[in-house]
Structures are given as structure tokens and as C-alpha cells.
Amino acid sequence: MEVRALVEGRDILADAFTEGPGEDPRYLLVPGGPLTAASEPHEVRLAEASCTEGCCGALYVTVRRDGEDVLWDEWRNPNDDEVDLPAFRFEAQEYQRELERATADRSWEWPARTVARLLEQDLREREDWLARWECELGAVSAWPWEPDQVNVFLFHPGRSAIREDRPWLQFRMPLAVSGDDPADQAERLAEHLVAADPRQAAEVCGGSPEFARQLGYPWPQRRRALSAGNAAREE
């Protein structure tokens with residue numbers, strides 16, 4: 001899922017950045033989120049290359065309140081010397097109404113996506129639940145090709161280990177969801193998750209074999225597809 005900004009019907013990404021999708025609404029369309037304008041200018045990433053920003057760039061804009069208006073300007077792509085977009089000026093009240101409308105519109109969500117959003121909100125409000133397990137919540141995701149599942153991603157011991165070049169691992173915990181009320185499911189899943197060490201029910205999905213060895217976890221086996229007529233085997 002992606003957010004695409006339209007200015008008087010003009011698709012900004014189609015004009016200025018085609019290397020990847022717009023940012024996920026879970027990051028851009030949240031109450032008080034990055035698109036909210038304040039007197040202090042701040043930069044917002046609107047899109048990232050499919051292969052990562054470090055490879056083929058991203059599209060950034062600076063958002064700020066300017067009197068009775070909201071200004072989008074200082075466009076930037078780390079992979080390009082110049083972004084061919086002008087400054088855009090919006091009437092502040094109209095801008096805020098549209099932002100609130102888009103944030104409140106969840107008609108595009110499928111049930112698992114709703115469960116993922118509510119579960120992540122719940123878990124982030126429980127600030128200390130992962131500290132005792134030396135973990136940090138990465139995200140709770142739901143993908144269209146897995147309509148009956150959400151995935152909880154954790155970092156151990158945390159993202160700071162990546163920046164500090166210390167051993168780290170990422171864990172993924174797949175959780176089944178059903179057609180029950182999404183809010184009820186999110187609450188039940190949250191209570192289940194905080195009751196025990198989540199690493200015991202999760203699988204390593206990021207880091208390195210050496211980091212896994214140092215932290216005392218098995219590195220996952222990867223399946224290799226063989227020629228037709230042969231069964232897949234574990235490496």
C-alpha cells in the first residue's frame with residue numbers, strides 16, 4: 001500500500017519519482033503524523049526506491065506552516081542533483097481537513113491489515129513489555145498475499161546495535177487471524193504476546209549467521225528450489 005499525493009490532480013510521484021512506491025500510509029497517514037504542518041520546518045520522505053534509498057534514491061519534501069498557508073518545498077532526492085518540482089502552497093485549514101479525511105479513511109484496509117494496525121498501536125503503548133526480553137518492536141505487518149496472517153517483527157537487542165556495529169538479529173513472528181472483530185483479535189494477540197518471551201515463538205529473519213552464533217540462536221535454513229521432478233531440500 002502506498003500514499004500518492006495529488007496536487008490539483010497532478011500525481012507528484014508520477015512526475016518526479018518512478019523508482020519505487022510512495023510511503024506506506026501507516027507512516028504518513030497517522031494522527032499528528034509527518035505530513036502535519038508546524039511553524040518549524042521538517043523533512044518528510046514521500047517515496048523510496050524499491051531497491052532501497054541507498055541504491056536508487058528517495059523523494060523528500062520539507063513541510064512547514066507559513067502564516068495562513070502550508071508550504072511544500074525544498075524537494076530532495078539523495079540520488080539526484082535536482083528534483084524537477086516547484087514549491088506548492090496550500091491554504092492551511094483546507095490542507096488540514098484533507099489530511100484528517102485521508103487519515104480517517106480506512107476503507108482500503110482488509111481485516112488482517114486492520115488487526116496489524118491495532119495490534120501495533122497496542123504494543124507500542126506498552127512501553128516496557130519488550131525491555132525485559134532485550135527486544136525492540138520493529139513493526140506489525142499484513143500483506144495482501146497472506147490474508148489470514150499478520151507478522152510481528154522484533155529486533156534483539158535493538159536497532160541501536162545496528163548503528164553501533166554490535167551483534168543484532170531480527171525476528172519474525174507470524175500470527176494467524178480470522179474473520180472475528182479486528183479490535184478483539186488485536187487485544188487477544190497483545191495479551192498473548194506480552195505474557196512470555198516472544199523470541200521463543202519467533203524465527204530469525206535478519207542479521208547474520210555470525211551474529212546468531214554470538215547471541216546463541218540458530219541461523220535459519222533456507223530452501224533451494226531444485227529442478228522439476230526433484231523434491232526441495234534443506235541446505
Partner residues of A14 under the side chain to side chain contact (heavy atoms under 4.5 Å, CB included) criterion, sequence neighbours left out: R4, D11
Polar side-chain atom of D69 near backbone of L71 as donor-acceptor pair, under 3.5 Å: no
Other residues, nucleotides, ligands: >12 heavy atoms within 6.0 Å of E187 CD: no
N/O donor-acceptor pair under 3.5 Å between E136 side chain and R159 backbone: yes
Minimum heavy-atom distance between V150 and A142, given as atom pair plus value: CG1-CB, 4.2 Å
Side-chain heavy-atom pair S50, P21 within 4.5 angstrom cut-off: yes
Exercise: identify the closest heavy-atom pair between S178 and Q185: N-OE1, 2.8 Å
Pairwise side-chain contact, P182 with L119, heavy-atom cut-off 4.5 Å (strictly under): no
Partner residues of D105 under the salt bridge (Lys or Arg N to Asp or Glu O under 4.0 Å) criterion, sequence neighbours left out: none
Stepwise side chain to side chain contact (heavy atoms under 4.5 Å, CB included) check, V140 with V115: CA-CA 9 Å; V140 183; V115 172; over 6 Å; no
Pairs touching residues 138-166 that satisfy ring-ring contact (aromatic ring centres under 6.0 Å, His included), sequence neighbours left out: W143-W145, H156-Y217
Worked check of side chain to side chain contact (heavy atoms under 4.5 Å, CB included) between R188 and D180: CA-CA 11 Å; R188 291 197 301 268; D180 294 345; 3.6 Å; yes
P34 vs Y27 side-chain heavy atoms within contact, under 4.5 Å: no
Cationic N near anionic O, under 4.0 Å, E109 to R106: yes
Contacts of R126 that satisfy salt bridge (Lys or Arg N to Asp or Glu O under 4.0 Å) - sequence neighbours left out: D122, E191
Minimum side-chain heavy-atom gap P31-T103 below 4.5 Å: yes
Greater than 12 external heavy atoms within 6.0 Å of H42's NE2: yes
Contact summary for P218 and A212, nearest pair of heavy atoms: C-CB, 4.5 Å
Candidate pair E100 and Q96, rule side chain to side chain donor-acceptor pair (under 3.5 Å), full reasoning: CA-CA 6 Å; E100 291 174 356; Q96 185 60 29; 3.1 Å; yes
Contacts of R172 that satisfy side chain to side chain donor-acceptor pair (under 3.5 Å) - sequence neighbours left out: N151, E203
Close side-chain approach of L137 and R124, heavy atoms under 4.5 Å: yes
Rounded distance (nearest 0.5 Å) linking atom CG of L154 with atom CE of M173: 5.5 Å
Point-to-point distance, once rounded to the nearest 0.5 Å, from CD1 of I162 to CH2 of W168: 4.5 Å
Considering all heavy atoms, the nearest V177-P147 contact: CG2-O, 4.2 Å
More than 12 heavy atoms from other groups under 6.0 Å of CD on E94: no
Worked check of salt bridge (Lys or Arg N to Asp or Glu O under 4.0 Å) between E210 and R213: CA-CA 5 Å; E210 177 58 22; R213 186 190 66 78; 2.5 Å; yes
Interatomic distance, C56 atom SG to D80 atom CG [nearest 0.5 angstrom]: 11.5 Å
Over all atoms of both residues, closest heavy-atom pair of A186 and L118: CB-CB, 3.7 Å
S141 OG to E120 CD distance, which is reported to the nearest 0.5 Å: 7.5 Å
ILVMFWY clustering at 4.5 Å (side-chain atoms), partners of L85: V3, V7, I12, L13, F17, L28, L29, L35, V44, L46, L59, V61, V63, V70, W72, W75, V83, F88, F90, Y95, L99
Side chain to side chain donor-acceptor pair (under 3.5 Å) involving D184 - partner list, sequence neighbours excluded: none
Under 3.5 Å donor-acceptor, N77 side chain and A58 backbone: yes
E53: partners by side chain to side chain donor-acceptor pair (under 3.5 Å), with sequence neighbours left out: R45, Y60
Polar side-chain atom of E146 near backbone of Q149 as donor-acceptor pair, under 3.5 Å: no
Working for salt bridge (Lys or Arg N to Asp or Glu O under 4.0 Å), residues D197 and R132: CA-CA 9 Å; D197 185 345; R132 55 183 160 163; over 6 Å; no
Listed partners of E43 passing salt bridge (Lys or Arg N to Asp or Glu O under 4.0 Å), at least two apart: R76
Residues R113, D148: salt bridge by 4.0 Å N-O rule: no
Test: R64 and D73 ion pair at under 4.0 Å: yes
Test item: W129 side-chain N/O and L123 main-chain N/O as donor-acceptor pair under 3.5 Å: yes
Hydrophobic cluster of M1, others only, ordered by chain and residue number, side-chain cut-off 4.5 Å: W108, W110
Smallest separation among heavy atoms of L169 and S208, with atom names: CD2-O, 4.1 Å
Set of residues satisfying salt bridge (Lys or Arg N to Asp or Glu O under 4.0 Å) with respect to R101, sequence neighbours excluded: E98
For N79, all residues meeting side chain to side chain donor-acceptor pair (under 3.5 Å), sequence neighbours excluded: none
Ion pair R166/E164, N-O distance below 4.0 Å: yes
